[in-house]
There are 2 protein chains.
Amino acid sequence: MIRGALASLLSLEPDIDVVGEAATGDEAVAVAAVTRPDVALLDIEMPGKDGITAAGEIRREVPECHVMILTTFARPGYLRRAMEAGASAFLVKDSPARELAAAIRRVLSGERVIDPGLAAAALSAGPNPLSPREREVLSAAVDGSTINDIAARLHLSEGTVRNYLSSAIQKTSARNRMEAVQKAQDQGWL
Amino acid sequence: MIRGALASLLSLEPDIDVVGEAATGDEAVAVAAVTRPDVALLDIEMPGKDGITAAGEIRREVPECHVMILTTFARPGYLRRAMEAGASAFLVKDSPARELAAAIRRVLSGERVIDPGLAAAALSAGPNPLSPREREVLSAAVDGSTINDIAARLHLSEGTVRNYLSSAIQKTSARNRMEAVQKAQDQGWL
DNA sequence: GCTTCGGGATGACATTTGTCAGACGCCGGG
DNA sequence: CCCGGCGTCTGACAAATGTCATCCCGAAGC
């Protein structure tokens, strides 16, 4: 519904044409490859492939296409990854709707559009401190699985899982698994 | 942004006037009390007061106003509570945007609009099995607080908190606190 | 009047976590 | 070539968590 509403609104702008819509990351890449638009506007949380991965693929397959990320969550790690994937803009859904069309025009003219406060947060927070394995294990813990479950799912020993979780807990300066998951998530580290 | 976009779209409909917007639950109640609209369209997750509570208050203060809930999450418990609060419609954000205006018209003509699948889920899931206190304790646990924190925050003994959590874990047929929180949340029980 | 149920508490117990200290192998940078 | 970091594992230990039985109280229902 949101996508549809935004598409309708953007269509009303005289200088903007909406050439396609997609519900998933993979679909977005496919549509972009065919329609070769000037701008792709992507959400991050999507079924299938996430928006940042999709952004990277679109940049590779359609280099002349500017990729913009529009997301609900202002997470530093998201911004960082989006930039690394070659995004031209990072917008948060709670800015006024008027700004969307304006941002698209600025991106088309070659500018990059990023919320200054969020940029500061991303820089001051530093890069993701979690090692790939720690990230993987912590991700496997988000649903409340027990250590044993995680060990089985990742083909690791229980002790190893405990160690990774322990170090993730310390790196996030959390007090237990649950807090670690929360903190990591809201930094955009997962 | 979403609210703004939907408002703009609805304004384009010849028979619909948008008479006010609000960012929080309390604000929504205040605006409704002043503008006395035919329809109030509310989200559930909002800063301040949640949309279901707001719905109840609007029904009491402006009885001729039909309240509609438009939310991201199709949680049975949400639907149930919305109905108990006197809502006339329960829409999920992933239905097409076209349907929104149609639903508003149907509500105005006295109909109730509810996704049939969700209604079935709500009925088959039965009512919230958690006692008020269990709900309270489980809610206090969502952020990963330790048992001691929760006990302090709620002025309870640690043992009592453990007991409530334990029974919440069993009622949700979860395997630990975290799973209980997740299951309860996605049933809309918190 | 008795029973049931929810709220609140205690104490005991088994399990699960979280922490630490090692150990080994691999790889990449000085 | 050696060191550090990462991945993996183990064993040991303390603390937190989950479960149970049992108790007390007050309110509601039969």
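Note that these values count all heavy atoms, side chains included, but never hydrogens, waters or copies made by symmetry. The chains referred to below are lettered A, B, ... by the order of the sequence lines, with proteins before strands, and numbering in each begins at 1.
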*Judged by atom type as modelled, is there a donor-acceptor pair below 3.5 Å linking the side chain of B:E134 to the main-chain atoms of B:L130?*
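Judged by distance alone, no pair lies under 3.5 Å.
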Of all the nucleotides listed ([options]), which has the minimum atom distance to the side chain of [X]?
X	options	answer
B:Q170	D:dT8, C:dC20, D:dC20	D:dC20
A:S157	D:dG18, D:dC6, D:dT10	D:dT10
B:Y164	D:dG18, C:dG18, C:dG8	C:dG8
A:N163	D:dT10, D:dA16, C:dG8	D:dT10

*What distance separates A:D149 CG from A:D143 CG, expressed to the nearest 0.5 Å?*
8.0 Å
[N] [atom2] sits how many Å from [X] [atom1], rounded?
X	N	atom1	atom2	result
B:E134	D:dT19	CD	P	13 Å
B:R175	D:dT17	CZ	P	18 Å
A:H155	D:dG7	NE2	C1'	16 Å
B:N148	C:dG18	CG	P	16 Å
B:M178	D:dG18	CE	C1'	16 Å
A:L165	D:dA16	CG	C1'	15 Å
B:E158	C:dT10	CD	C1'	11 Å
B:I147	C:dT17	CD1	P	13 Å

Phosphate oxygens OP1/OP2 of [N]: is one of them under 4.0 Å from a side-chain N or O of [X]?
X	N	answer
A:R133	D:dT8	yes
A:S166	C:dT17	no
B:T146	D:dT17	yes

*asked:* Here's a test of your reading of the structure: between B:G159 and B:N176, which maps to the more 5' nucleotide of DNA chain C?
replied: B:G159
_Ignoring hydrogens and geometry beyond distance, is a side-chain donor-acceptor pair present between A:T160 and A:N163 at under 3.5 Å?_
no
_Heavy atoms only, 4.0 Å cut-off, all strands: where does A:T160 land among base, sugar-phosphate and nothing?_
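Since a base atom lies under 4.0 Å of A:T160, the category is base.
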*Presence of donor-acceptor pair under 3.5 Å, side chain of A:R162 and base of C:dG18*: yes
*Taking side chain as C-beta onward, heavy atoms only, is A:E27 less than 4.5 Å from A:E21?*
no
*Can you find a pair of side-chain heavy atoms, one from B:I114 and one from B:L79, that are under 4.5 Å apart?*
yes
